[in-house]
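Scroll down for the structure; my scribbles are underneath it.
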Protein chains: 2
Amino acid sequence: MAKRISQDQIAKELGVSQSLVSLVLNGRREGVAEESYKMIWAAALKQGYVPRGGMHPMHAPDVQHSYVGVVMRAGLALAAQSNTFSHVSHGLFTALQHLNISLAFLGGEGDLDETKLFEVVSRRDPLLGIVILGEVKEPFMQALGELELKLVSVYASSPGLCHSIVPNDKQSVEQLVDHLVALGHTRFAWLGGNAKLGRNRLRLAALKERLAARDLLLDDRYVVNAEGAERQDGFDCAAELMRRAEGQNMPTAWVCHNGLIARGGLQFAYLRGIKVPGEISIAAVDRTRACTEIHPYLTSAASDPELIGAEAAKLLRSQPEEIGQWNKMFIDLVAPSLFEAGETSATRPE
Amino acid sequence: MAKRISQDQIAKELGVSQSLVSLVLNGRREGVAEESYKMIWAAALKQGYVPRGGMHPMHAPDVQHSYVGVVMRAGLALAAQSNTFSHVSHGLFTALQHLNISLAFLGGEGDLDETKLFEVVSRRDPLLGIVILGEVKEPFMQALGELELKLVSVYASSPGLCHSIVPNDKQSVEQLVDHLVALGHTRFAWLGGNAKLGRNRLRLAALKERLAARDLLLDDRYVVNAEGAERQDGFDCAAELMRRAEGQNMPTAWVCHNGLIARGGLQFAYLRGIKVPGEISIAAVDRTRACTEIHPYLTSAASDPELIGAEAAKLLRSQPEEIGQWNKMFIDLVAPSLFEAGETSATRPE
DNA sequence: GACACATTTTAATAAATATAAGTTGACGAG
DNA sequence: CTCGTCAACTTATATTTATTAAAATGTGTC
């Protein structure tokens, strides 16, 4: 164990008096140059100065209170609707709660720069680790890596940088396709969201692949993608799809990027008087509340986001020796997908 | 400012030696009775002992890193759908972010007992205060009060216990009624949610009152309440309403407890082939994403939940002298309601 | 009653930190 | 120039905390 550092050592290193260091660390600003103030604090932090007087939270009885930080990919707000990440947070939250660990939202990718990240880490209450929700940019990930904290990436993997837990989208799509094919469907459509994110491509590719395996083809005209991934996007996708299918053999099986897209598509169908699941079947890669918020429940398949959150908690809690050195060996967990037949799919109409 | 306490004082009070206090606060457990260990820590925490050596995060330059805790009323999960509180959290979050204050979810009313609350407060990273979302039980509120922290209650007021910020539901309902009456509607219905919470009664009372002021009567048969306040509840309310109105003059203006109820009602209308807003108009006390998640946008009025969150942040940050002594004089803020004409209301059909 | 053992105190001191009082040097006014 | 003033420090010292060794206290055991 490194021996503790004293104010005197800091003072000597900086060429000032111990008194000044003491004043500064106690927050005295009057009569102290701003420059000195910052310099002394920076030195104290860097050298890992710990005040005497004890009382480090680490030693408090019973309590081992610490917290886990959460950062979100760019473009996501805390108030995001029924989106997957609120379920993930919930899973994380409940898993950590028993251990007296709380969850702090540190911000989104866009809000945090290196300075802010550093500040977060230099707090005293022990920060157990950080969970990253979604796909963030490489440099941001790098900056996080330099914090030397436990990191877990959720819904995106960062090979060589941290552990990750991702849903098994391939399996989800396969389950949906298999279900729909079993019901007799042959003409498929893809209603995609978040066109720019990798998850869209991944799911679409899985769809094409599985259909191919069943000797079916996904007509490119029936691949519709939207920028976002919310209800209105689903509605718009459905509208676009119908325009493209005008006068032709309509696809009877709509596979949707997520539940909100599916709900939007469903609403479009209601307005057009299209029967679901009488005329078309709708299925979504989803396992959020959107699936069961109201009847008809969605036919859906996805990895349980709460489970993913809970697993993230486990990864954070696990000791280095259990799962290899942090910052050395990384685990990529893939959460299994669960299929749930809902009320939006039925046998293909004649 | 209370003068700082020394280990010696703690020792004297407990009738032990200063050495022992020093040992304990530095985490020494060998050769120290478990009982003493806990006793000393408890005393140190209670008396607000602060180790010397300075470096309280509060004084770090630039950084004023601390956090605000959030607790939720019983029955709410973090993953709650598009509910108001996620908007409030978002408002809080963005308001605090600029100040380098982060948001930590401490749990729900049900998850936290006094011990846990105490632990939360005894962390060292400065906990700026706690925001309570929704109606919590009296004893829980009392327990919170004893923490001597800044408290702000949101969406429920706790006279004499803490500051609060509540929406102006009365005004919201008035705006909706005035709008609908101006469109010629005379037969109103109430689709209510969260039947057991005070907010339901408050809104319903406001509705009756405003209708009375316009010489209109709310027929009790057209007052439908559900246990929850989600989409399916809205659907069910609408179904129940239609059953009750069978063969009679249907109400043409549905006032909904919130946006999700309204969406559920809307879906019911779609399925029944009822035109909205051709045959009936739907309006909701709401200002969440549910209003604009998809077309038709809801006609709605409510206090902006993000604004409420931002105001909560202000209340937490304000200094005692600005707004009276904490724990003495309490402010009850009422956030103004904003009306937004949407696509679900139109003139009364003939 | 004597011994082993855990817990705590006493006492003494070293080490670290807080703080009052004093120094320094820069700057502006007269 | 020289005096006063002030911000920014330092010095010196008082106070507090850490650490150690030795002694005391109590508790159970043989």
Side-chain angles (χ1 to χ4, degrees), chain A residues 1-64 122-126, chain B residues 1-66 122-126:
Chain A
M1 197 208 274
K3 72 165 183 294
R4 90 194 300 165
I5 216 143
S6 72
Q7 291 181 353
D8 211 35
Q9 287 172 267
I10 296 171
K12 292 241 167 66
E13 166 172 314
L14 298 176
V16 297
S17 67
Q18 172 264 321
S19 329
L20 189 60
V21 174
S22 174
L23 288 177
V24 164
L25 293 184
N26 280 291
R28 168 88 141 265
R29 295 195 101 112
E30 313 108 62
V32 176
E34 190 59 24
E35 199 183 1
S36 310
Y37 194 93
K38 286 184 179 160
M39 175 182 74
I40 290 170
W41 265 89
L45 284 172
K46 202 178 84 206
Q47 310 224 6
Y49 169 79
V50 180
R52 36 193 51 228
M55 254 199 140
H56 198 282
M58 171 205 291
H59 297 132
D62 306 327
V63 197
Q64 184 124 20
S122 57
R123 348 162 99 196
R124 278 174 111 177
D125 221 19
Chain B
M1 196 208 268
K3 72 168 185 293
R4 93 191 300 164
I5 215 141
S6 71
Q7 291 182 354
D8 212 35
Q9 286 172 269
I10 295 172
K12 291 240 167 65
E13 167 173 314
L14 297 176
V16 298
S17 65
Q18 175 262 322
S19 328
L20 190 61
V21 173
S22 175
L23 290 176
V24 164
L25 293 184
N26 281 290
R28 168 88 141 265
R29 295 193 102 114
E30 314 108 60
V32 175
E34 190 59 25
E35 199 183 2
S36 310
Y37 193 93
K38 287 184 179 162
M39 175 182 73
I40 290 170
W41 264 89
L45 288 171
K46 201 177 87 210
Q47 309 223 8
Y49 170 78
V50 181
R52 28 194 60 226
M55 250 199 145
H56 198 282
M58 171 203 292
H59 297 133
D62 308 325
V63 198
Q64 186 128 15
H65 220 147
S66 58
S122 58
R123 348 162 102 197
R124 270 175 119 178
D125 220 19

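Numbers restart at 1 for each chain; the letters A, B, ... are given by sequence-line order, proteins then strands. What you are looking at is a predicted structure, and each value in this text was computed from that prediction instead of being measured.
- Under a 3.5 Å cut-off, the side chain of Glu13(A) and the backbone N or O of Ile10(A) do not form any donor-acceptor pair.
- No contact: Val21(A) has no heavy atom under 4.0 Å from any strand.
- Following rounding to the nearest Å, Gln9(B) (CD) and dT17(D) (P) show an atom-to-atom distance of 9 Å.
- In this structure, Asp8(A) atom CG and dT11(D) atom P are separated by 11 Å, rounded to whole Å.
- With rounding to whole Å, Lys12(B) atom NZ is found 13 Å from dT15(D) atom P.
- Going from atom CD1 of Ile40(A) over to atom P of dA8(D) covers 13 Å, rounded to whole Å.
- Closest heavy-atom contact between Ser22(B) and Gln7(B): CB-OE1, 3.3 Å.
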- Might you work through the side chain to side chain contact (heavy atoms under 4.5 Å, CB included) test for Leu25(B) and Tyr49(B), ending with a clear yes or no? CA-CA 10 Å; Leu25(B) 293 184; Tyr49(B) 170 78; 3.6 Å; yes
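- Put simply, CZ on Arg52(B) and OG on Ser6(B) are 8.0 Å apart, with the number rounded to the nearest 0.5 Å.
- Across the protein-nucleic acid pair, Leu25(A) atom CG and dT16(D) atom C1' stand 17 Å apart, rounded to whole Å.
- Between Ile5(A) atom CD1 and dA15(C) atom P the separation is 17 Å, expressed in whole Å.
- Counting non-hydrogen atoms under 4.0 angstrom, Ser6(A) reaches the backbone sugars and phosphates but no base.
- The shortest distance between side-chain heavy atoms of Gln18(A) and Lys12(A) does not fall below 4.5 Å.
- Arg28(B) approaches Tyr37(B) most closely through the heavy-atom pair O-CE1, 3.3 Å.
- The separation between Leu14(B) atom CG and dT7(C) atom P is 18 Å, rounded to whole Å.
- Put simply, CG on Leu23(B) and OG on Ser36(B) are 11.0 Å apart, with the number rounded to the nearest 0.5 Å.
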Pick out the pairs of N or O atoms, protein on one side and nucleotides 19-26 of chain D on the other, that lie under 3.5 Å.
none

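- The side chain of Gln7(A) lies closest to dA18(C) when the candidates are dT11(D), dA18(C), dT9(C).
- Considering only side-chain N and O atoms, Tyr49(A) lies under 4.0 angstrom from the phosphate OP1 or OP2 of dT17(C).
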